[in-house]
Structures are given as structure tokens and as C-alpha cells.
Novice: 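Next up is a structure, given as C-alpha cells.
Just so we're on the same page: letters track the sequence lines, and every chain starts at 1. Bear in mind that the values here come from a model prediction, so they are computed numbers and not experimental data.
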Amino acid sequence: MLPSRWRFGWDRYTEVDLFTDRDESNVETLSQAIRAAVSEEPDADGSVQFGSLQGTVVGLRYYTGVVNRGEMVGLVREPQNPYDRNAVMVANVYGNQVGHIKKELAAAMAYIMDKNLAKVEGVVHTGTNNKFSMPVMLSFWGKEENKKAVIESMARRGYKLDMSGKLFGANYKSDYSQSARALASKKGLTTALTAEELKNAFDNLFEGLTESKDGEKEAAKSVGTPLLPHQKQALSWMCARENKSGLPPFWEKRGDLYYNSLTCFSAREIPERVRGGILADDMGLGKTLTTIALILTNFHKGKPLPVEKCEEQSSPLKAKSKPHVASKQEGGSSAGLSDGAASLMQPDLYKLETMAANLSDVVEEAVNSDTAKSKEEKKATKRKQEAPVLLEDLDFAAALGGSAPDQSAKKKKKTAKKAAPTPGVGSSIPESAEDLSARATLIIAPLSVLSNWLDQLEQHVRPDVKLNVYLYYGSERNRSKKFLSSQDVVITTYNVLSSDFGNKSPLHGINWLRVVLDEGHIIRNSNAKMSKSVLDLKAQRRWILSGTPIQNHVKDLWMLLAFLRLKPFDVKDWWNRVIQRPAIQGDRVGLQNLQTLVKCITLRRTKSSEVNGRPLVSLPEKTVCVEQVELSQAEREEYELARKEGRSTISRYVAEETVLRNYADVLVILMKLRLHCCHSDLLAKITSDLGASATPAELRERLIEKLRLVLASGSDEECSVCLCSVHLPVITHCAHVYCRPCIAQVISTEQERARCPLCRTEIKTSELVEFPQEEEEEGKSVNSGNWKKSSKVQALMGNLLRLRCEDSSVKCLVVSQFTRFLTILESPLREHGFSFVRLDGTMTQKRRTQVIKEFQSSDPDSPTIMLLSLKAGGVGLNLTAASHVYLMDPAWNPAAEEQCIDRCHRLGQKRKVVVTKFIVKDSVEENMVKIQRQKQDLVEKAFGSTNTDRKTSRIDEIKALLEL
DNA sequence: ACCGCCGGGTGCC
DNA sequence: ACCGCCGGGTGCC
């Protein structure tokens, strides 16, 4: 059940060792192990509570993990436990073991947990009156279908699940705290949010994060480009996030202790701060420049990065020497003993915490004089061996102004480890004790923006400054750790990083000063290798740059928090329990918490944000106009024919209630109509898509490839219908090649019962695949002149010609979702002597860069038109040379259009931007536009909903589109 | 003395 | 654990 890497020694001393720091070993922290154990579980979204049960945690005196009243605890199966293979371990939020579930109950739980019938969550809310055991409220969560089995299984062993107070069950907590108010709402004392409010809450999650109390910061001299005010603010904020040691969200200081108001966990040491965050500014506001400025401005101790040719003081670059502070005394227990505190719970929290602190002192002594002394001594000895290194670091930290060094050395050491359980080998330098030898910043970016980083570095770093930048890409890349870690900046892609991962990756062996994830939302799937490889990087500071931090679901946020190591939410269980589930269920306080969390670590401004009453950036005006296109009579006839056909098909699906099953078909019908609006040539080719309902695109690709192979094989393939060499080849889904007219004949004679002449598989006209347009046209377009007009093409050409007369220097983006439409457009453009380039998803990175450079050039002979596929290149492209945008066809997702427009309507744009949307009158396109706004809403409503829900809402949409 | 009773040692899983 | 349990010491009251 548990992953094989769950490997501690079960000797109790070794176990303790887990939490002390075996510096160079492979031992993982418990919280990592927990993370690993839960990572494969389904999301908590769909689970319901089965009931709750009071249980007992025993063996408290053997472990150092402390629990406050009201604190959540984690329950982890321990099948390898030599004393009892049913063992269930109890751990606090930091992953420190607190004890075990009493064996009889553990036996009952083990069955359920191992079978994955339920997840069990614990809250310690009543305190204890002894040092050996304490009660814990357990709540069982799982899929509805397992509920009965769980309840019965527990009942068989004499445990009855309590169903009262089900909604949030064991999540409830003590009074007095902030979380108590959360509790109140969970108990229904405040209302849950309506769906509408919930939607708005998510919408606004990343809004209103603009206020930056950090003022502005000037960039280091080595930054050649003067920063705009909002960029200085961002820089100031980023520096502060990297340098300031404020408390992370939900932590507060209470007396001598640091207390997490959500999980009720408390620690004596200041919780590890997150050095970094999310810069979620809109695209075009200069996230790249700001990041470059950060790299150059904020090296160790807030000093600028020492660079060659800069006459500034040389920062203690490689200075490994650390102040040596005498070691503190050994021994003493680290048991904070808040179980004692809990039994004394009083309304006066401050007093309480003070008492707890004093109590624990007393107990430390008591423990030392305990009969278990010999064991204590063993532990102490064991620790002593490893102590010096860590103590040095810790006291060093204290010397730097960290936490007050008033605890016992042992305690400090352990907590240091807890506070910084950086995964992997040798990564356990407490982050509070800055490792001044780290120099390099690692930037990970999608391939499409790599060149952008290089350009911008070149552009913004002063020419007389030598910044060592290394592009870790390509087969010849230098894999020397020594070399890489001595760079100032190393740039690589997510793909390179993940393909290196697990394969002696040099990038994972380096202590980075900083890791920056560009377009960080890319790593939202936590199961992806890419994400895992990113999580395993060792760094002092971590940043996520993203224009769109949440794209579809709140759960996407988890990965970002895990990357930033925002404790305790880097363990998915805690995230689910404390944030995600309450938020999704519309719990008001849960949402507030989520918002607070996001607010603490995110800076986001939009183009329309204002700072001190002035707009953040002043971009040239943008006008969007819709140009209606009338279809010619012939086009209209074809369109109406297709629409009628589509309508009847979809009506049938609706009547049969099989729309969902035939969803792919439905989309194809709509696609056909949309293509009709553009150019009828697109359509003849798409018919082959209809009916390939499984994975049409894939299947099609495969068949096309097959067809190509058959024809290219040279053997003059003959059609088994006419027995002549194939003319107008098509391939069936069963992968046999015929002449289109021949097989069409077969199908039309046999009608519904048509079968492949070769293999007797059922075939349909709609399933015949032929070469896509481009391939056939390759030869054709050379001596073209015979391209067919379409109303939309003519509308575009009219615009382009008029524009060229008015001002021949204006450059345009011509955007379509259909690359084959772009191909069709090439002919008239060529015919009218336009110089154009093309950018679509099929092009190599190298070619793209080249094309963009060509287009952006101010050379009078440079191309004036770019044919752009809507999805090409993703975000980050800079096409500011263009000031006119022609959107040839409406997109399902209006945001995609916006993004595309933003490629030219962004920083650096000098002209007014004019956007023209071509919409065919009385067509599916018009309805699409009508629906676009609603559609946006639907997507957002689908935040917490299932895929089916989303599709269901789209069915309504589809009906509307076809006016059903 | 093959019991009861007393009191020290001991204690998670 | 101011418990329960175990096992050794002990043995009228």
C-alpha cells in the first residue's frame, strides 16, 4: 500500500532519527513520506463524510510531535511496524510523529485505509489529562459507494460511527481562535455561499492584489533599462519577499510560540518563511524585466549581484566561513507538551500559551529524570554525533537575527529540520541560515519563450556588465555541476528539466540561489513528471511567474503552493482539508482563508490597474470592431444544407439523450459550420473527421500517416474496387486505401450496411480520411491562381488593400484557428503582392524565432502581414510591430482571442490598435459571439464541477448555437 | 503455596 | 499511569 520508499527503521531510536537530520543520507522527512502516500489518492473533491468516532492516541511519551488543542493531525498507516502490521501512526502538521492509534482501533482502521475505502482525518480537540495518551476525533471521508462498507466494517469490530454533526465533522475546533469562527460557519452558523458568490469569489481570487506597501525600489546599476513605476514596485515587493522574515500566512506569535491559526499547530521556532511567491501580473507588464532586475539587484543580504566590470564592493561570494558560535548544551526533551496545555485551556490565550511554555520546561526536566533515562541518553548520544554541523548553521542563523536562541540545542536542531525538510540529498541547510555560496538563478520556461529570455537579458542588462548566462538546452549542454552553479543565470525548459530528472540531473544537484518558473501554471498537474522534477529542485528562493495562475480549478493552486513550500499546504492532505474542500463547498471562511493565502504570496496587476490613481501603464487605445460578412448565395446554400443536416443529427441526439456520448460528433458538426463560414474548401476535407468519435484527431493523424506511407512506398497501390492505381486516395478507419469515387460508390449502394471490401468492417463516408489540404496543395499552390474566393477572404482582402493605400507601414496580424484557412489565405495575399510570414504550432522553435524577428523588424522590406494560428506559441509572444488584428473566426474561448490581441496590444506598442472580427451574418458564428460572454461564465462556474457538468452546460450552449 | 495477597516494576505500536 | 497488568515474594493475625 505504501510506496516502497516508505522506509524508516522501526527501531524506535532510528525512528527518532528520522526527524533529526541525517545530513547526507537519503532519509526522507515524514511529511514527504506522507506526501508520497497521499499523492496517488483521488482528490478530496467528491468525498463525503461517513461519520466520526472518538479514538485514542497512545504512546505519546515516545515521540516529540506536539499537538495543540484543536489541532489537526494526520493518520498514516504503518504496515511495516514490527509490533503490529495494523499500526496507524499519528502525526502533526509538520509531520512529526505524535503517537499511535490504539491497537484495537488501528486494526479496524487499517482494513479501511488499506482498501482505500475511506480517508481518515483526525482532530485533537479535547486535550489530555496524562502524558501517555489522548483522545482524538476521527472523521471518515470517502466515496459515497464505500460508505456502507466502511460503516459495517467498523461496526463489526465494535466501532460505531457517529453521524451527527456530519457536515464538517472532526474539523471543528476549540473556541477563542480564528479557526473557531471558521468552525462556526462549518457548523452552519453562517451560511455557505451561493453558487454565484462562489464563482465570484474564485473570479476575484487573484484580483485586488495590487496594493504594494513596499514602495518602489531602484534596480541595481547593472540593469540598463529604467524600470517603470509599477516595475519598481514589483521589484521592491519581490526583494522584500526574499529578504524579510515576516510570518507566513496564518501564523501568529503568541507569547513565546508561533501559532498557526488554521491547523492550530504551534512551534517555538519561527516558521520557515517562503522566500518567493507568485508574480501574476498581466502579460506585457514586464514580468521578465522585473525578474531580471531582481536577479541583478537582490543577491545575498540584499546586495546587488556582484558582476564583472562593476566597481562595486565584492560581495562575499564564495565565503563559506560562518561565524562559529559555541554549541549549546545537549540533551533536554523537545516535547512541547501542549497536551498539558490543553487540559488547562482557558479563555485567556496569551496566558495559556505562556503556561504551556513554562509547563514544557518543567516537563523537560521531569523527562530527564525519568526512568526512561537510558533511552534518552541513547538518543542524545545519537544526536550528538550529528549535532555540530547543524548547530553551527542554527546558531549562525540566530546570529543573523533569526529566532531567539533560548531553546535547548536539541530542540532547535530538530525544528530546524522540521522547518526545512527540503527533499532530496544534502539539501537540508536550514533556509534561515543562508547558504552564501549559492549564486545561480535557474529559470525554467516553456520552449516558446526561451528566446525571449535571452533577448530580454541582452536588452536589459547593461552592455558593460558581464552576466554569465547559460542556456541549458540542446544535446551538447554542459552538464557540469560546478560550471552550472557558477553561472549567474541558467535557463532551461520544463522538458529538459524533466527529462534530466532521475537521470543524474545536474540541475537537481545544485543549490540554487533562486528558481524561477516562467509561465508557472504549466506545472499544475502534480502527477506529471514535469511537476515532480520542479518540486525536487533545491533552492533558497522560489518564484512563479504567471499571467494566469488559476486556469480551471482551485486545485491547480496546490502545485504552486507546494513548489513554494508554503507550509503546511505543501502536503496535499493538509491543503485539501484546510483549504480546498472548504473552499469548494462554498464555506465562507474557507474561501477567505484561500484568499488570504493567495494574497500573501501574490502580486498581480492588470493593464487596467491603477497605482496612486494613475493607470499602471499607458497603452495606446484599442478599438475592437465587428465586421459582418454576408455569404454569397452559393455559400449560403451550402451552409444551410449543412446546418439542416447538423440540426437533425443533433436533434436526434437530444431526443435520444445521447448528446454526451456523441459529443465528438456534435463538435464536428459545429466545426463544419464554422468552416463553412470561412471557406468551403476547408470543408470538403473535414468530412473525414465526422464520426471518428473516439479520438478523432489522433485516429486521423494515424490514418493520414498510414495513407502517406502506402502512397509513398512507390508500389503503385491499386484500388481493390476498380483494380486501377488509386485516384484521389482515401483511407478507411480499418486502414484500407481506395479511390474516393470507388468507395463512395460502394457506400452509397450498400447504404447503412456498407462494409469494407477488404476486411468487411463497417464503413461510412464520414470515416474516409484523405490528405489534409496543405499536403495536396503543396504542388497546387505554386501554380495557383485557381484559388476559390470566399466572402470572408474577400472581406479581409478588402480591408488589407484599403489599409495598404492609407498607410503602407501598418503591419497586421491575420488570425485564424484553422491553419488550413491560413494556407488558403496565402494565395490571395501573394496575388496582391503582400509580403507576409506565417506562424503556427507546427513550426520549430528556431523557425518561429526567425519569423518573429523578421516580422518585428522595422526594415521597409520586412513583411507587413503575419498569418497567425490562434493557439500558436502560447503566451509571451511579442508582436508589437503589428497594430491591426484581423480575427478571421470567433473562438470558443474569448480569452484566447484576448490573449492573441494582447500580443500586439502590450508594452512597446506605439500605434493605436485596431481589432477587426469577421463574423458571418446569420450563422453559427453570430451565435458563438452571443454566447462568448455566457461561455466565460460557464467556464468559471465549472470551477468546482465535474467534467460531465461542464459538458452538460455545453449541450445547452450547442442547442443555442444551432437554434434548437 | 497447584492458592490469594502485597507491592515493585513497568507501560504504544 | 492517582491506572491495569505482570510476575516475584510471601504466607495466621
Novice: Can you pull the salt bridge (Lys or Arg N to Asp or Glu O under 4.0 Å) pairs that have at least one residue in residues 87-109 of chain A, sequence neighbours excluded?
Specialist: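 For residues 87-109 of chain A, and leaving out neighbouring residues, there are no salt bridge (Lys or Arg N to Asp or Glu O under 4.0 Å) pairs at all.
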Novice: Whole angstrom is fine here: how far is it from NE2 in A:H100 over to P in B:dG11?
Specialist: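 Taking NE2 of A:H100 and P of B:dG11, I get 16 Å after rounding.
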Novice: Whole angstrom is fine here: how far is it from CZ in A:R61 over to P in B:dC12?
Specialist: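 Taking CZ of A:R61 and P of B:dC12, I get 8 Å after rounding.
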Novice: Ring centres of A:H100 and A:Y62 under 6.0 Å apart?
Specialist: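 Centroid distance A:H100-A:Y62: not below 6.0 Å, so no.
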Novice: C:dG8 and C:dC13: how far apart are their C1' atoms, nearest whole angstrom?
Specialist: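 Each nucleotide's C1' atom is 24 Å from the other's.
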Novice: What's the CG-P distance between A:L60 and C:dA1, to the nearest Å?
Specialist: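 Rounded to the whole Å, the gap is 13 Å.
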Novice: Can you confirm whether the side chains of A:Q580 and A:W575 place a donor and an acceptor under 3.5 Å from each other?
Specialist: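 Yes, a side-chain donor-acceptor pair sits under 3.5 Å.
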Novice: Starting from C1' on B:dC13, measure out to CZ on A:F132 and report it in whole angstrom.
Specialist: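 Spelled out: CZ on A:F132 to C1' on B:dC13 is 16 Å.
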Novice: Can you tell me the distance, in whole Å, between the CD atom of A:E104 and the C1' atom of B:dC12?
Specialist: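 Computing the A:E104:CD to B:dC12:C1' distance gives 11 Å.
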Novice: For B:dA1, which nucleotide is its Watson-Crick or G-U wobble mate, given both distances must be under 3.5 Å?
Specialist: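 By the stated definition (distances under 3.5 Å), nothing pairs with B:dA1.
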Novice: Quote, to the nearest angstrom, the P distance that separates C:dG4 from C:dG9.
Specialist: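 Looking at atom P only, C:dG4 and C:dG9 are 26 Å apart.
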Novice: Is there a donor on the side chain of A:Y63 or the base of B:dC12 sitting less than 3.5 Å from an acceptor on the other?
Specialist: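 Yes, the side chain and the base share a sub-3.5 Å donor-acceptor pair.
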Novice: Ignoring hydrogens and geometry beyond distance, is the side chain of A:N81 in donor-acceptor contact with the base of B:dC13 at under 3.5 Å?
Specialist: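 It does, because a donor-acceptor pair links the side chain of A:N81 to the base of B:dC13 below 3.5 Å.
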Novice: Have a look at B:dA1 and give me syn or anti from its glycosidic angle (syn if within 90° of zero).
Specialist: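 Syn for B:dA1; the angle stays within 90° of 0.
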Novice: When the distance from CE of A:M109 to C1' of B:dC13 is rounded to whole Å, what number comes out?
Specialist: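 Between C1' of B:dC13 and CE of A:M109: 13 Å.
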Novice: Using 4.0 Å as the upper bound for N to carboxylate O, is an ion pair formed by A:E71 and A:R69?
Specialist: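 Looking at A:E71 together with A:R69, the answer is no, because their closest N to O distance does not fall below 4.0 Å.
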Novice: Report yes or no: is the ring centroid of A:Y62 under 5.5 Å from the six-membered base ring centroid of B:dC12, with the two planes under 30 degrees?
Specialist: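 So A:Y62 counts as stacking on the base.
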Novice: Write down the distance between NZ (A:K103) and C1' (B:dG11), rounded to a whole number of angstrom.
Specialist: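 Checked: the NZ to C1' distance equals 11 Å.
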Novice: What's the CE-C1' distance between A:M134 and B:dC12, to the nearest Å?
Specialist: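 Computing the A:M134:CE to B:dC12:C1' distance gives 12 Å.
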Novice: Sequence neighbours left out, what passes side chain to side chain contact (heavy atoms under 4.5 Å, CB included) with A:E152? Give chain and number order.
Specialist: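 Side chain to side chain contact (heavy atoms under 4.5 Å, CB included) check on A:E152 returns A:K148, A:R156.
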Novice: Let's test this: given Watson-Crick or G-U wobble pairing with both distances under 3.5 Å, identify the partner of C:dC12.
Specialist: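 Its partner is none (no Watson-Crick or G-U wobble pair with both distances under 3.5 Å).
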